[in-house]
Amino acid sequence: MNDKVLDCLIIGGGPAGLTAAVYLARFHLDIMVVDGGKSRASWIPCSHNHAGFPDGINGKQLLELMRQQAQKYGARIVTEFVTKLERDNDSGLFTATWGSGGVRARTVLLATGVTNRKPPMDPELHDEALSRGLIRYCPICDGYEVTDKKVGVIGSDSHGVAEALFIRSYTADVTLIAPHTALRLSPEDHQKLDEAGIKSIDGPAEAIAVHGDCIVVDTAEGHFAFDSVYPALGSDTHTQLAEQLGARLSADGCVGVDARQRTSVKGLYAAGDVVIGLDQISHAMGDGGVAATTMRNDIAKRQPLLRKPVLSEQFEKL
């Protein structure tokens, strides 16, 4: 454990965490980013709705550029997975622990995000399909890319219906597939699907395979081929570290924050999809900027951030 106390520790190196790192480093604060290397942004083959990149940008490339920008101003980035986070009530300091060590910090930003639940298929095949746009997770981000194509949605209940209806605004050929046995839908949901012309198929969706330029889903009703499939299976929010500190969670299981990204634990902040699972890079980056500015101002209230004067050589010679 390093005896030096950081001003700010950022846990998570996705768009929210790295935006905060750029801000905090440029505030001349001593910061570190600890990142497990599993940001969902790295899954994106090419984002076409991220402002400033009219020809799109690969998710891994975007994250690398953000890391370089943060490091340019002095941010340290460590590839580790934080397993334990504690706060000393007397000093107010946080201690974060991972496999090879840990650090102490005055403030902590949780930018740990969420993980999408994947359909049942070989992991390598899943990643290949994802890279080719055969599997997609965010219709807000890339619904435009399935315009007038044949699309399958694996999901049930009102969540699956809502995703199918959203995609229906891009294409007339949408099929909702139950992930397990039969679709569990209310009469109102059935009516919505019928009125929109969305087909429905009972599961289980037992096997998903790539065949040429199509993705094939095997169900109890037969084999169905699509240009793209959207798994609407929900996601798991990474709130474990917040829970270790007793931070308040929101009704939907995310980390609860105020309008300035403060959690219910003093000195602990949260940003990005761990706060609201909107799956949007732009929103996560906005959260990161707000959180970083709040952290800087909260630190300054406890100890004024006064830059020491620097005399240049030409003045020293006078």
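What you see is a predicted model, and the numbers here were worked out from it, not measured in a lab.
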A quick test of your reading: do over 12 heavy atoms of other residues, nucleotides or ligands sit less than 6.0 Å from [atom1] of [X]?
X	atom1	value
H180	NE2	no
D258	CG	yes
R26	CZ	no
H48	NE2	yes
K199	NZ	yes

Restricting to non-hydrogen atoms, name the atom on [X] and the atom on [Y] that form the minimum distance, rounded to 0.1 Å.
X	Y	value
A96	L9	CB-CD2, 3.4 Å
T294	Y269	CG2-CE2, 3.9 Å
Y23	A292	CB-CB, 3.5 Å
V274	G113	CB-N, 3.7 Å
L165	A196	CD2-CB, 3.7 Å
P179	L233	CB-CD2, 3.8 Å

| message | Per the side-chain hydrogen bond (donor to acceptor under 3.5 Å, both in side chains) rule, what does the pair list look like for residues 27-47, sequence neighbours excluded? | response | K4-D30, D30-R76, R40-N116, R40-D273, R40-D279, S47-N49
In Å, rounded to the nearest 0.5 Å, how long is the span from [atom1] of [X] to [atom2] of [Y]?
X	Y	atom1	atom2	answer
I154	E163	CD1	CD	11.0 Å
L110	Q240	CG	CD	10.5 Å
D7	Q303	CG	CD	6.5 Å
Y170	D148	OH	CG	12.5 Å
T175	I201	OG1	CD1	5.0 Å
L176	I198	CG	CD1	7.5 Å

| salt bridge (Lys or Arg N to Asp or Glu O under 4.0 Å) partners for E64, two or more places apart |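 Here the qualifying residues are R67.
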| task | Apply salt bridge (Lys or Arg N to Asp or Glu O under 4.0 Å) to D142 and list each qualifying residue two or more places apart in sequence or on a separate chain. | result |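 Scan of D142 (salt bridge (Lys or Arg N to Asp or Glu O under 4.0 Å), adjacent residues dropped) gives R136.
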| said: Checking L193 against L185 for the side-chain contact (heavy atoms from CB on, under 4.5 Å) test, could you report, in this order, the C-alpha distance in whole Å, the side-chain angles of both residues, the deciding distance, and whether it holds? | reply: CA-CA 10 Å; L193 294 179; L185 302 179; 3.6 Å; yes
| task | Could you tell me whether the side chains of S250 and D252 share a donor-acceptor contact shorter than 3.5 Å? | result | yes
| message | I'd like to check the side-chain hydrogen bond (donor to acceptor under 3.5 Å, both in side chains) partners of E86; sequence neighbours left out, ordered by chain and number. | response | none
| request: Identify, with sequence neighbours excluded, every residue that meets side-chain hydrogen bond (donor to acceptor under 3.5 Å, both in side chains) alongside D236. | output: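 Counting only residues at least two positions away or on another chain, D236 forms a side-chain hydrogen bond (donor to acceptor under 3.5 Å, both in side chains) with R117.
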Check: [Y] and [X] side chains under 4.5 Å, non-hydrogen atoms:
X	Y	answer
R132	D213	yes
I299	L305	yes
Q280	C138	yes

| remark: Residues at least two apart in sequence or cross-chain that pass ring-ring contact (aromatic ring centres under 6.0 Å, His included) with H283, listed by chain then number, are none
| Between I10 and L6, is there a shared hydrophobic cluster once you connect ILVMFWY residues whose side-chain heavy atoms come closer than 4.5 Å? | no
| field | N-O pairing of D88 and R104 below 4.0 Å | value |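 Between R104 and D88 there is no salt bridge, as every charged N stays at least 4.0 Å from the carboxylate O atoms.
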| task | Decide, yes or no, whether a salt bridge links R184 with D157 under the criterion of side-chain N to carboxylate O below 4.0 Å. | result | yes
